[in-house]
Each structure stands twice: as C-alpha cells, then as structure tokens.
Amino acid sequence: MLINSTPFADGFFMPAEHTPQARVWLAWPVRGDNWRNDAAPAQAAFARFITRLVEHTPVAVAVTAGGEASARAQLPAEVKIIVVKYNDAWMRDMGPTFVVNEAGEKRAISWQFNAWGGDVDGLYPEWADDDKVASVVAVHEETDIYQAPFVLEGGSIHVDGEGTLYTTEECLLHESRNPHLSKQDIEQNMRDYLGVEKVIWLPQGLFNDETNGHIDNILHVVRPGEVILTVCDDKDDPQYAISQRALACLRDEKDARGRSIKVYEMPLPGPLYMTEEEAQGLTTDEHIPRHAGERLGASYANFLISNQTIFYPLLDDKNDAEAQAVLQEAFPDYELIGIEARDIVLGGGNLHCISQQVPAV
C-alpha cells in the first residue's frame with residue numbers, strides 16, 4: 001500500500017547495514033552495451049557473489065524474461081528468482097530503501113530514479129522500468145511503501161543507524177538530480193525519509209565515478225563513529241586530493257551523537273583501466289561510452305555487510321591483501337569473503353551497487 005506520509009512522521013528510520021538482514025535483493029545483468037560479451041562474464045561474477053551470499057542471507061534475484069534461463073542455470077536452487085521488467089542491474093539504486101520502527105515493523109521507500117542524471121548526463125535514455133522496481137520489490141516483501149518526491153539513489157547514502165548520514169556534495173547537489181532543491185532542502189528530506197539527525201557531506205566521491213560520486217564507492221560505515229575511506233598515496237593521482245579533502249572533512253566533523261569519527265584508510269586498487277579486449281566485447285551505445293584505456297571506478301570500499309559477513313571485491317593482486325587486512329582490523333568479529341569482481345566494476349559499480357538489503361525485524 002502507498003502511504004501518504006513520511007517515515008519520520010510515522011516513527012520509522014533507516015537501520016545501518018551492519019544490523020541483521022532478512023534478505024538481499026539483486027538484479028541479473030543482461031545489457032550488452034554495459035556488460036561485455038552479452039553479459040556472460042558479468043553473470044558469472046554475479047553468480048559467484050550470490051552463491052556465497054546465500055550461504056549467509058536469503059537472496060532474491062530479479063530477472064528479465066529474456067534472462068530467466070541463464071539465471072536459473074547459474075544460481076543455487078535456494079535463490080528466489082522473480083521475473084521483473086527493468087533497464088539495468090543496479091538494485092542498490094533502483095530498488096527500495098527499507099526503514100524500520102521500534103515496534104519491529106518495516107516499510108519501503110521508492111526514490112525517483114533517473115539513470116544517474118536524466119536528460120543532463122544520464123547513462124541510458126530509458127529508465128521507466130527501473131523506476132518501478134522498488135514498488136515491485138515492496139510487493140514481494142509484503143511491505144507498505146512511501147513514494148519520495150525527489151531523485152535519489154541508494155548508493156548515494158550511507159547511515160550509521162544512530163542518526164548520522166554520509167553523502168557527497170558532488171552527487172546530491174549535482175544539477176542532474178534535484179536542481180530545484182537547496183542543500184538545506186535535501187538535508188530536510190533526509191530527515192523526513194530516513195529519520196537521520198545529521199548529514200555529513202564529503203566534497204567528492206571516487207575519481208571518474210560515473211554516478212557523479214556516490215558515497216558507497218569512496219566510504220563505508222563500519223559502525224557508529226567509524227568509517228572506511230578510500231585513500232591514495234600517489235600525489236599525482238587525481239584521487240589523492242579528493243581523498244585528502246575527505247579526510248580533512250571527517251577530522252573536522254562529529255557524528256549525530258557527538259562522537260569524533262575514526263577513519264580506517266583503505267588503499268585504492270590499481271588504478272585499473274579497461275582493456276582493448278574488454279571494450280571490444282561491448283555493443284556500441286552513445287549513452288554509455290565505454291572505451292579501451294578508460295579508468296575504472298574501482299574501490300574496495302564498495303563491499304556489502306550482511307549478517308556478520310563482509311563480501312568484498314577482489315580487484316588487484318597488488319592490493320587485495322592490504323584491503324583484506326584493513327577490513328579485518330575494522331571488522332575483527334566478521335567473516336571476510338573476497339569475490340572476483342573485475343567484470344562487475346567494468347559495468348560501473350561493484351558488490352554494494354548491485355545489492356540491496358532488507359532488514360530483519
């Protein structure tokens with residue numbers, strides 16, 4: 001049922017990712033202009049992730065009618081497969097964000113989705129089916145739903161569950177999202193729909209992130225008062241200055257409970273670039289200009305926390321072990337599972353971007 005109110009007014013808030021989860025949703029990749037070789041390598045990467053994930057958390061996967069056979073052939077039998085119309089496989093951004101209350105109830109939020117920029121700089125020209133996915137998921141989760149009156153993607157926000165939200169000015173203040181809203185308007189929307197008390201704004205996201213700098217590709221909340229941040233040691237790399245500004249911002253901030261913020265510094269993989277072979281496997285599309293030599297928006301911060309387990313991308317033999325060590329320090333009581341994920345980052349995101357958790361209540 002569509003609710004004509006706001007979550008905050010009804011006593012709901014967005015829980016942190018490290019709280020218990022009832023399910024994780026994904027969508028099966030099929031687009032040949034975004035996933036090379038008719039999405040076969042990406043499907044294999046998604047299947048690797050889902051096969052490990054379902055060992056810890058129930059999983060539901062949205063599939064198009066044309067992708068149903070390949071999904072059923074590659075996914076474990078216990079994965080719930082549901083035929084849905086959608087434009088591409090980024091469940092974090094097109095799917096619902098769930099909120100809960102102290103009485104143990106949950107509801108969903110459908111954000112307005114415009115393919116990361118709409119007519120200004122969106123990544124594909126048709127996104128109407130994506131914009132309906134949140135409502136479809138809510139039906140299958142048997143939850144009531146709020147329709148937010150503004151554009152937002154799930155990957156553009158992180159919360160600590162205790163009143164603090166992290167985002168980037170680069171994304172939420174971009175002209176392609178909500179140019180009619182001021183920064184103060186956006187903060188009020190975050191309070192109204194996510195039940196947060198304070199918004200911490202990093203200036204920018206990861207360098208060359210085609211989502212206009214989603215927070216989940218540069219920062220991840222560990223627990224209240226603690227975050228992981230992507231950093232870069234090479235002063236000649238554009239990411240160096242971006243990360244230094246982010247570090248300075250976090251040093252100067254307090255969270256909603258007045259805590260100083262502890263930062264675990266996560267190395268940058270690579271930098272990584274699309275190869276000639278990878279580029280040749282794509283069908284041509286003017287809206288998704290993939291080409292050999294393009295720097296990939298690769299980040300170890302783009303991991304998923306699910307039921308005491310960390311699923312993190314394996315991206316670079318030179319840095320994977322260091323990334324694992326940072327995660328082990330930040331999450332000493334969690335199981336760490338690395339997933340070979342280059343074929344996911346080739347499409348523009350990673351494990352966090354392709355998944356959306358449903359809280360357990």
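The first residue in the sequence is number 1, and the count goes up from there. Quantities reported herein were computed from a predicted structural model and do not represent experimental measurements. All values below come from the heavy atoms of this structure, side chains included, with hydrogens, waters and symmetry mates left out.
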query: Is V222 reachable from I215 through a run of hydrophobic residues whose side-chain heavy atoms are each under 4.5 Å from the next?
result: no
- prompt: Between H352 and E17, does any side-chain donor sit less than 3.5 Å from a side-chain acceptor?
  reply: yes
message: For G161 versus F13, what's the shortest heavy-atom pair and its separation?
response: O-CE1, 4.1 Å
query: Among T283, D343, D88, whose side chain to side chain donor-acceptor pair (under 3.5 Å) with W35 holds?
result: D88
- prompt: Going by heavy atoms in the side chains, are Y166 and L229 under 4.5 Å from each other?
  reply: no
query: Testing D320, T230, N319 for side chain to side chain donor-acceptor pair (under 3.5 Å) with Y300, which one passes?
result: D320
query: Does the N350 side chain pair with the main chain of I344, one donor and one acceptor, at a distance under 3.5 Å?
result: no
- request: Walk me through it: do Y264 and E226 pass the test side-chain hydrogen bond (donor to acceptor under 3.5 Å, both in side chains)?
  value: CA-CA 8 Å; Y264 297 89; E226 300 183 22; 2.8 Å; yes
Within-4.5 Å side-chain heavy-atom neighbours: M91 and I354: no
query: Is it true that R290 and E210 have a side-chain N and a carboxylate O under 4.0 angstrom from each other?
result: yes
- prompt: With hydrophobic residues grouped by side-chain heavy-atom distances under 4.5 Å, do I200 and I157 end up in a single group?
  reply: no
message: If we ignore hydrogens and angles and just use 3.5 Å, is the side chain of N87 paired with the main-chain N or O of D129 as donor and acceptor?
response: yes
task: Please tell me if the side chains of L327 and Y334 come closer than 4.5 Å, counting only heavy atoms from C-beta onward.
output: no
message: Using the rule given for side-chain hydrogen bond (donor to acceptor under 3.5 Å, both in side chains), can you reason through K254 versus S260, listing the C-alpha separation, both sets of side-chain angles and the distance that settles it, and then say yes or no?
response: CA-CA 5 Å; K254 304 285 188 183; S260 297; 2.7 Å; yes
query: If Ile, Leu, Val, Met, Phe, Trp and Tyr residues are connected whenever their side-chain heavy atoms lie under 4.5 Å apart, and connections chain through other members, are I81 and V136 in the same group?
result: yes
- prompt: Does the ring of Y124 carry R31 above it, NZ/CZ under 6.0 angstrom from centre and within 45° of its axis?
  reply: yes
- prompt: Is there a side-chain contact between T143 and F98 (heavy atoms, below 4.5 Å)?
  reply: yes
message: Are the side chains of N101 and K106 in contact, using a 4.5 Å heavy-atom criterion?
response: no
message: Under 4.0 Å between a side-chain nitrogen and a carboxylate oxygen: does that hold for R107 and D10?
response: yes
- prompt: If you take all heavy atoms of S176 and N212, which pair is closest and at what distance?
  reply: OG-OD1, 3.8 Å
message: Run N114 and R177 through side-chain hydrogen bond (donor to acceptor under 3.5 Å, both in side chains) and show every step you take.
response: CA-CA 8 Å; N114 71 353; R177 297 314 197 274; 4.7 Å; no
message: I need the minimum non-hydrogen distance between S70 and W28, along with the two atoms involved.
response: OG-NE1, 2.8 Å
message: Please check if the number of heavy atoms outside D233 that lie under 6.0 Å from its CG is greater than 12.
response: no
task: Taking only Lys NZ, Arg NE, NH1 and NH2, and the carboxylate oxygens of Asp or Glu, determine whether R259 and E162 approach each other closer than 4.0 Å.
output: yes
field: Main-chain N/O of T309 paired with S306 side-chain donor or acceptor, under 3.5 Å
entry: no
message: Angle between ring planes, Y193 versus Y146, binned at 30° and 60°: parallel, tilted or perpendicular?
response: perpendicular
field: Under 3.5 Å donor-acceptor, D144 side chain and A108 backbone
entry: no
message: Please say yes or no: joined through hydrophobic side-chain contacts below 4.5 Å, possibly via intermediate residues, are L304 and L336 part of one cluster?
response: no
- request: Provide the closest heavy-atom pair for D255 versus P224 in the form atom of the first, atom of the second, distance.
  value: OD2-C, 4.4 Å
W127/F113 under ring-ring contact (aromatic ring centres under 6.0 Å, His included): CA gap, chis, key distance, verdict: CA-CA 7 Å; W127 56 80; F113 180 78; 7.7 Å; no
query: Would you say I228 and V263 make side-chain contact, with heavy atoms under 4.5 Å?
result: no
- request: Take L123 and N34 through the side-chain contact (heavy atoms from CB on, under 4.5 Å) test and state the conclusion after the steps.
  value: CA-CA 10 Å; L123 296 183; N34 195 47; over 6 Å; no
- prompt: Can you tell me if H214 uses its side chain to pair, donor with acceptor, with the backbone of D216 under 3.5 Å?
  reply: no
- prompt: Under 4.0 Å between a Lys/Arg side-chain N and an Asp/Glu carboxylate O for E187 and K183?
  reply: no
field: Residue pair G195 / F8: nearest heavy atoms and the distance that separates them
entry: CA-CD1, 4.1 Å
- prompt: Which atom pair, heavy atoms only, marks the closest approach of F49 to S355?
  reply: CE2-CB, 4.3 Å
- request: Would you confirm whether T19, through its side chain, and P15, through its main-chain N or O, come within 3.5 Å as a donor-acceptor pair?
  value: no
- prompt: Taking the side chain from T164 and the backbone from D160, do they hold a donor-acceptor pair closer than 3.5 Å?
  reply: no
query: Taking the side chain from Q204 and the backbone from I242, do they hold a donor-acceptor pair closer than 3.5 Å?
result: no
- prompt: Are any non-hydrogen side-chain atoms of K198 and E253 less than 4.5 angstrom apart?
  reply: yes
query: Counting heavy atoms not belonging to K85, are there more than 12 under 6.0 Å from its NZ?
result: no
side-chain hydrogen bond (donor to acceptor under 3.5 Å, both in side chains) assessment of T57 paired with Q21: CA-CA 7 Å; T57 307; Q21 297 171 15; 4.8 Å; no
Over 12 non-hydrogen atoms of neighbours within 6.0 angstrom of CD in E102: no
- prompt: Within a strict 4.5 Å, meaning less than it, do heavy atoms of the P96 and I109 side chains meet?
  reply: no
- prompt: If only atom types and distance count, is the side chain of D130 paired as donor or acceptor with the main-chain N or O of V133 below 3.5 Å?
  reply: no
Residue N4 excluded, over 12 heavy atoms near CG under 6.0 Å: no
task: State yes or no: do V345 and Y312 share one hydrophobic cluster built from I, L, V, M, F, W and Y residues joined by side-chain heavy-atom distances below 4.5 Å, directly or via other members?
output: yes
field: Donor-acceptor contact below 3.5 Å, side chain R52 vs main chain F311
entry: no
- request: For the residue pair H220 and H158, categorise the inter-ring angle as parallel (less than 30°), tilted (30 to 60°) or perpendicular (more than 60°).
  value: tilted
